[in-house]
Every structure is written in C-alpha cells, then in structure tokens.
Amino acid sequence: MASLSRTELLHYLTNLLSPGEFKDYCENGLQVEGGSEISTIVTGVTACQALLDRAVELNADMVLVHHGYFWKGEPQSLVGMKGRRIRTLIKNDINLVAYHLPLDVHPEFGNNVQLANRLGIEITGGLEAGNPNSVGLVGQFENPISPDELSNRLRSVLNRDALHIEGGPDEISKVAWCTGSADSYIYKALAANVDAFITGEISEPVVHTAREEGIHFYSAGHHATERYGVKSLGEHLAVHFGLEHYFVDIDNPV
Ligand SMILES: [Zn+2]
C-alpha cells in the first residue's frame with residue numbers, strides 16, 4: 001500500500017478545491033491534526049461519532065468529510081459530544097479534513113455536479129446569477145420527463161423516497177437543484193424559470209410557495225444529496241496516490 005505525507009496530500013487538496021475562494025461557515029482543510037503519513041482514508045458526509053468509530057476500526061490515517069466541526073456560532077468548549085469526537089481523533093492519531101462549500105461547487109467532485117450526473121441532467125449554468133461559485137445549478141433533461149419519473153429517478157439514485165410537492169407543469173424539462181439545506185433557494189429557482197427544484201430539506205412555507213408559484217419541489221434528503229461529492233473525491237485520491245479508501249455511509253433520514 002502506498003502512502004504520502006499529510007503535507008503533500010493537503011497541498012494537493014488545496015490546489016484542487018481552492019478553499020481560499022470561499023466565504024464559508026467553517027474552516028476548510030485540516031481541522032484536527034493527526035499522524036504525518038497517510039495511507040488509508042475514510043470518507044463520509046458528516047464526522048459523527050459512528051463514522052469516527054468505523055474509521056478507527058479501519059485503521060484510517062485521515063477522515064475526509066463534507067460536514068466537519070467548528071461551525072460559526074456553535075459552542076466552543078470541547079465537552080460532551082464535541083469532546084468525545086475530538087478525543088477519538090487525537091487518541092487514534094487520525095487527521096480530520098473537511099471541505100464544505102468547495103465540495104459543493106467543484107466542477108468534477110462537487111455534490112451538485114455529482115448529483116446531476118446521476119440524475120441524467122445536462123448542466124446549463126449556475127442558480128445564483130453572477131456568482132461564478134454558485135452552489136445551486138440549473139440544467140435540463142434531454143427529453144422532458146413526468147414529475148413521477150423524477151421521483152422514481154431520485155429514489156433509484158438516492159435509495160430513499162423524496163418528498164414531492166406538486167406545483168409545476170405535467171412535464172419537466174428545465175430543473176434547478178442545490179444539495180443539502182437550500183429550500184429558500186426556491187425563489188432563485190422561480191427566477192430561473194424552471195419546472196422543478198430539488199434540494200435536501202424542506203420547511204413549511206415552501207409547500208405553499210411551490211403550489212402557488214407553480215413549481216415542483218423535491219425534498220430528497222440533506223445527507224442523501226451530499227453523499228457523492230466526498231465519495232468521488234476519495235475514489236479519486238485512492239487512484240491518484242494509490243491510497244486505501246473506504247466510503248462509509250452512516251444512515252441519516254434527514
Ligand atoms: Zn450539508
């Protein structure tokens with residue numbers, strides 16, 4: 001099994017994901033320092049305790065996630081859940097590396113591009129007008145599909161049922177999407193004049209917006225829509241550097 005230094009791997013990730021271009025809600029990159037040589041990487045959506053326990057079992061040198069720690073506004077003390085997680089990492093010499101927005105928008109490994117590839121959507125542009133790093137995207141299906149067909153595709157890709165609020169036309173050709181929690185982007189989707197909007201979560205007012213403004217809304221799961229960016233990045237690192245890689249999916253119904 002190959003290995004490389006943590007420094008070299010982080011340098012590669014910085015070049016690939018350009019975290020400096022983003023104003024984010026957390027620190028991107030190395031969040032907790034472990035051993036200096038990396039041969040086994042575990043990837044996952046969120047650095048929860050179950051993911052860390054699995055990483056210890058797999059002898060991981062690095063845990064690479066989309067949702068790391070130290071979010072703006074959270075309590076700072078390392079107590080309770082937060083203390084247990086950090087202790088697990090440090091006791092086992094495991095590096096924690098997290099990329100949030102950079103891993104939503106990357107043109108190859110980003111959550112949004114990865115989801116589009118799996119749903120058969122051709123990307124036509126960004127959802128946030130004028131933002132070159134738009135998290136949400138706009139695209140189209142090669143042939144228009146029915147709203148039920150989109151539900152079926154989401155189920156077969158994500159292995160869970162999406163909540164569909166019917167509001168739009170009988171056929172969907174133009175679509176916008178934003179992985180994770182972005183239900184308020186329904187207004188950006190309406191401005192983009194699409195037939196349907198897909199995101200991970202939903203709140204009560206959005207149901208009425210979809211019905212009354214005439215758009216299909218799909219709440220397909222925050223976790224489910226954000227599995228594929230970090231997974232594809234881990235697979236890439238495994239091939240590129242000859243590292244051992246395990247994607248660990250800790251089930252989350254939201
Ligand atoms: Zn997220």
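Just so you know, ligand 1 is whichever comes first in the structure, and atom 1 is the first atom listed for that ligand. We use all heavy atoms of the structure for the numbers below, so side chains are in, but hydrogens, waters and symmetry mates are not. Along the sequence shown, residues are numbered consecutively beginning with 1.
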Gap separating the OG1 atom of T209 from the CG atom of D183, nearest 0.5 angstrom: 9.0 Å

Contact summary for H66 and E226, nearest pair of heavy atoms: CD2-OE1, 3.1 Å

Closest approach to the Zn ion (ligand 1) by E226, given as the N, O or S atom name: OE1

Shortest-distance N, O or S atom of H222 relative to the Zn ion (ligand 1): NE2

Contact check: D104 to the Zn ion (ligand 1), N/O/S below 2.8 Å: no

N, O or S atom of H67 closer to the Zn ion (ligand 1) than 2.8 Å: yes

Exercise: do Q140 and S173 side chains pair donor with acceptor under 3.5 Å: no

Centroid-centroid distance, Y12 to H240, less than 6.0 Å: yes

